[in-house]
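Everything on this sheet refers to the single structure shown next.
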Amino acid sequence: MTDRPDSVAERAALLAILRREPPPRGRGRTFPGLPPAAEGGVARGRFLLVTGAIVVLLLAVALAGLMVGSVRIPAGEALRIVGHWLTGGALGTPDWRPAYEIIIVQTRIPRVILAAVVGAGLGVSGMVIQAIVRNPLAGPSILGVSSGAATGAVVVMRFGLVVLGAFTLHVAAFLGGLAALTLVFWIARTGGQMTPTRLVLAGVAMGAVLGALTSLLVLTSPDPQLAARVLFWTLGGFGSAQWKLLPVPVIALALGLCVMLAQARRLNLLMAGDESAVALGLDVERFRRSMFLLTAALTGITVAVSGVIGFVGLIMPHIVRLLVGADHRRALPAVALAGATFTIAADLVARSIIAPLELPVGIVTALVGGPFFIWLLRRDARALGVAR
Amino acid sequence: MSAPLIPPARLDIEGVSLRAGETALVRDISLQVAPGQMMGLLGPNGAGKSSLLRAVYRMSRPETGRVLVNGEDVWKRPAAWVARHVGAVLQDMPADFPLTVRDVVAMGRSAHKALLEPDLPHDAALIGAALALQRLETLQDRPFRTLSGGERQRVLLARALVQQPQVLVLDEPTNHLDLRHQIALLQFLKDSGITVIAALHDLNLAAMYCDRLCLMDRGRLAAEGPPEEVLTAERIRAVYGIEPLIARHPGNGSVWVLPG
């Protein structure tokens with residue numbers, strides 16, 4: 001790359017572009033006399049393609065989610081029932097069995113929605129947490145929220161507390177998660193800055209303590225059934241899905257996703273490390289704190305309604321980054337869709353593999369996610385050499 | 001038709017001291033860099049060059065003293081304001097995520113963007129120009145982590161350039177570059193018209209390209225001024241603990257330091 005005479009002039013022209021005063025703000029803001037530069041067209045096309053494919057997949061598993069179960073409902077009828085229900089009865093004539101409509105509307109639609117919301121919530125939380133702690137191998141459980149939620153739930157089960165009726169368990173799980181989070185937050189902040197390493201270590205320590213506490217509560221219980229119930233709950237599932245359970249997680253996901261998307265550019269900066277992020281104009285401490293609270297709240301709510309569903313928040317962000325790149329403006333919407341798809345599919349497997357019994361969906365996600373995670377680690381190690 | 005150029009800023013470092021715990025890293029340093037000037041920061045390892053630069057791009061808050069860009073205290077301004085005025089070229093960047101070269105360069109535009117503002121043709125033009133200027137067009141879709149040290153440094157320089165800075169801060173920008181690229185980079189900085197403050201290791205290249213030099217020793221300012229005044233045998237002996245020979249470059253007459 002020797003400097004040919006013409007390239008000296010060319011470089012001077014490029015420098016002049018970079019040093020020119022920006023044109024006034026506004027939509028058509030551009031430089032006069034400048035050829036339109038390539039706008040990352042490849043990445044954009046890829047994003048649209050991948051997102052489109054995920055949406056198709058999402059619709060397919062959602063339909064399957066309506067069909068499969070103790071009573072098998074044919075696709076045509078399921079679709080017509082949904083159309084009829086969506087339009088408030090305007091579309092289609094109810095020539096199907098009334099029981100089908102009740103099963104679909106009262107049980108399966110809320111179940112599919114809950115699975116989708118939880119999957120999307122875990123996916124985006126996981127992606128944001130990975131950026132916050134700048135570690136692609138972190139997941140929502142790393143903040144200690146999941147263990148806290150489990151402890152909260154076990155306290156309710158162990159002592160048979162009923163304070164808020166049917167939602168006692170959910171509220172207790174959320175409060176447990178929140179308490180754990182506050183502690184992790186406090187530990188990570190004591191004596192200095194809240195660095196990624198401190199956060200992860202605090203979360204791991206908190207998880208260990210809470211895990212022990214949960215085991216202690218279960219083992220000292222007079223109720224012999226408690227262990228099984230706790231195990232079932234902590235492994236997660238959507239068996240409790242019903243319409244009145246949905247508003248809180250749906251609203252939380254919608255709000256959380258909006259905030260995250262608005263902050264996507266700043267989340268990108270976190271991936272470049274604190275030093276770079278500061279140099280690029282981000283108040284890292286404050287931003288990390290607010291994103292931490294947001295993802296923790298979102299994780300807490302999803303865990304409260306579904307139990308601990310592992311690996312979704314860990315592997316979905318990975319797969320999505322492989323497909324559409326790491327830029328959060330593209331990766332966040334894609335991971336929400338991918339997380340929803342994966343969780344609905346996992347729920348399908350969980351309730352059909354040993355039907356009429358149901359497996360906890362956490363078992364399915366772990367059985368799929370664990371090996372994938374190991375493959376990822378090995379692949380990363382190979383691709384990046386031993387030095388990392 | 002052509003818009004006016006962004007004027008370079010004046011940089012004033014006023015009595016800055018920095019410490020990490022009990023250790024004093026920088027002690028009461030004052031420096032002025034005139035608009036468009038290139039200041040070379042010299043000194044042995046651990047002299048406090050990087051620490052001083054951190055105070056300029058608002059990474060470390062000075063214990064005492066101020067850093068002024070065009071008379072504005074960087075610690076009294078938001079981080080984004082500083083990023084619109086000061087571009088920092090760091091030694092490296094962690095690459096835990098599969099960011100492409102273009103992603104990394106595009107990050108430089110963040111501080112200029114309003115909430116939810118998409119990348120506009122204006123931004124794409126700047127990114128394209130910076131990529132072309134650093135000869136990175138063919139690498140733009142490559143993952144940043146697969147690049148060599150020298151390529152990474154060029155990406156980080158491109159990133160700082162799309163910030164459209166009035167002051168460029170560079171922390172040992174030549175340490176991964178071969179001689180040809182070192183010279184190309186220093187010549188580029190000299191011609192850029194941007195106010196530059198750069199920590200450098202090579203005394204001779206610094207003397208050739210910088211308008212003024214600043215020699216640091218254990219956190220203190222040992223000397224500041226034009227290269228021929230700063231690089232004297234006596235000072236180099238005192239600061240580096242070597243016995244130097246001072247000569248003149250046969251071509252352009254700049255100071256030439258040789259081990260004696």
Side-chain angles (χ1 to χ4, degrees), chain A residues 1-3 10-23 25 27-40 42-43 130-131 134-137 261-263 265-266 268-269 271-284 321-322 325-327 329 383-384 388, chain B residues 1-6 57-59 78-84 86-88 90 93-94 96-100 102-104 106-108 110-113 115-116 119-122 124-130 132-133 135 141 145 156 159-164 169 180 184 188 191-194:
Chain A
M1 53 173 274
T2 33
D3 278 356
E10 190 185 303
R11 289 165 68 84
L14 291 169
L15 180 64
I17 293 171
L18 283 162
R19 296 216 38 231
R20 236 184 289 175
E21 287 276 15
R25 281 193 171 270
R27 259 268 150 208
R29 192 177 182 199
T30 184
F31 288 119
L34 197 83
E39 234 179 303
V42 183
Q130 290 174 355
R134 197 163 38 76
N135 187 340
L137 303 183
L261 281 172
Q263 302 292 347
R265 216 183 267 278
R266 291 172 159 189
N268 287 350
L269 297 187
M271 293 190 291
D274 287 11
E275 190 111 6
S276 278
V278 168
L280 295 169
L282 183 65
D283 188 338
V284 171
R321 280 198 212 96
L322 285 177
D327 186 337
R329 286 172 289 175
L384 300 170
R388 270 191 91 237
Chain B
M1 104 140 216
S2 72
L5 294 185
I6 295 169
Y57 59 80
R58 209 179 176 281
M59 181 70 201
W81 183 91
V82 177
R84 288 193 294 271
V86 178
L90 309 178
M93 184 191 104
D96 306 287
F97 293 91
L99 291 163
T100 65
R102 195 189 169 85
D103 288 337
V104 175
M107 284 180 180
S110 302
H112 289 272
K113 308 302 284 181
L115 190 74
L116 295 177
D119 283 348
L120 303 176
H122 170 68
L126 291 174
I127 295 164
L133 196 57
R135 307 251 156 90
D141 292 316
R145 60 174 151 199
L156 296 183
R159 184 178 79 180
L161 289 174
V162 302
Q163 286 174 257
Q164 295 201 292
V169 179
R180 192 215 317 238
F188 166 76
D191 297 341
S192 71
I194 305 171

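Treat the numbers as computed from the prediction; the structure is a model and nothing was measured. Chain naming here is simple, since letters A, B, ... match the order of the sequence lines and numbering starts at 1 in each.
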Can you name the nearest heavy-atom pair linking B/Met93 to A/Ser276, along with the distance? CG-OG, 3.7 Å

For B/Asp119 and A/Arg265, run side chain to side chain contact (heavy atoms under 4.5 Å, CB included): C-alpha distance rounded to whole Å, both residues' side-chain angles, the deciding distance at 0.1 Å, then the answer. CA-CA 10 Å; B/Asp119 283 348; A/Arg265 216 183 267 278; 3.0 Å; yes

Which region of B/Val86, side chain (C-beta onward) or backbone (N, CA, C, O), has a non-hydrogen atom less than 4.5 Å from a non-hydrogen atom of chain A, or is it both or neither? backbone

Go through the steps for A/Gln130 and B/Asp96 under the test side chain to side chain contact (heavy atoms under 4.5 Å, CB included), then give the verdict. CA-CA 10 Å; A/Gln130 290 174 355; B/Asp96 306 287; over 6 Å; no

In sequence, state the C-alpha distance, the side-chain angles, and the governing distance for A/Arg11 and B/Arg135, and then conclude on side chain to side chain contact (heavy atoms under 4.5 Å, CB included). CA-CA 10 Å; A/Arg11 289 165 68 84; B/Arg135 307 251 156 90; 3.4 Å; yes

What option among B/Ala160, B/Ala129, B/Ala106 has the most heavy-atom pairs under 4.5 Å with chain A? B/Ala129

One option among B/Leu156, B/Leu133, B/Asp191, B/Leu99 has the most heavy-atom pairs under 4.5 Å with chain A, and it is B/Leu133

Pairing of A/Asp327 and B/Arg102 as salt bridge, 4.0 angstrom limit: no

Can you tell me which portion of B/Leu90 sits under 4.5 Å from chain A's heavy atoms? Options are side chain, backbone, both or neither. side chain

Tell me, for B/Leu115 versus chain A, whether the close heavy atoms (under 4.5 Å) come from the side chain, the backbone, both or neither. side chain

Can you tell me which of B/Pro98, B/Gly87, B/Ala88, B/Pro78 forms the most heavy-atom pairs within a distance under 4.5 Å of chain A? B/Pro98

One option among B/Leu5, B/Val82, B/Val104 has the most heavy-atom pairs under 4.5 Å with chain A, and it is B/Leu5

Quick one: of B/Arg58, B/Gln163, B/Arg159, B/Arg84, who has the most non-hydrogen atom pairs under 4.5 Å with chain A? B/Arg159

Pick from A/Glu275, A/Met271, A/Gln263: which one has the most heavy-atom pairs with chain B under 4.5 Å? A/Glu275

Atom CD1 in A/Ile17, atom NE2 in B/His122: separation rounded to 0.5 Å? 11.5 Å

Under a 4.5 Å heavy-atom cut-off, does chain A meet the side chain of B/Thr100, its backbone, both or neither? neither

I need the residue from A/Leu14, A/Asp283, A/Val278 with the largest number of non-hydrogen atom pairs under 4.5 Å to chain B. A/Leu14

Quick check for you: to the nearest 0.5 Å, what is the distance between B/Ser110 atom OG and A/Leu280 atom CG? 6.0 Å

Just verifying a value: how many Å separate B/Phe97 CZ and A/Arg134 CZ, rounded to the nearest 0.5 Å? 8.0 Å

If you tally heavy-atom pairs under 4.5 Å against chain A, which of B/Ala111, B/Pro94, B/Ala83 wins? B/Pro94

Any chance you could measure A/Glu21, atom CD, to B/Gln164, atom CD, to the nearest 0.5 Å? 8.0 Å

Please flag which part of A/Arg329 lies under 4.5 Å from any non-hydrogen atom of chain B: side chain, backbone, both or neither. side chain

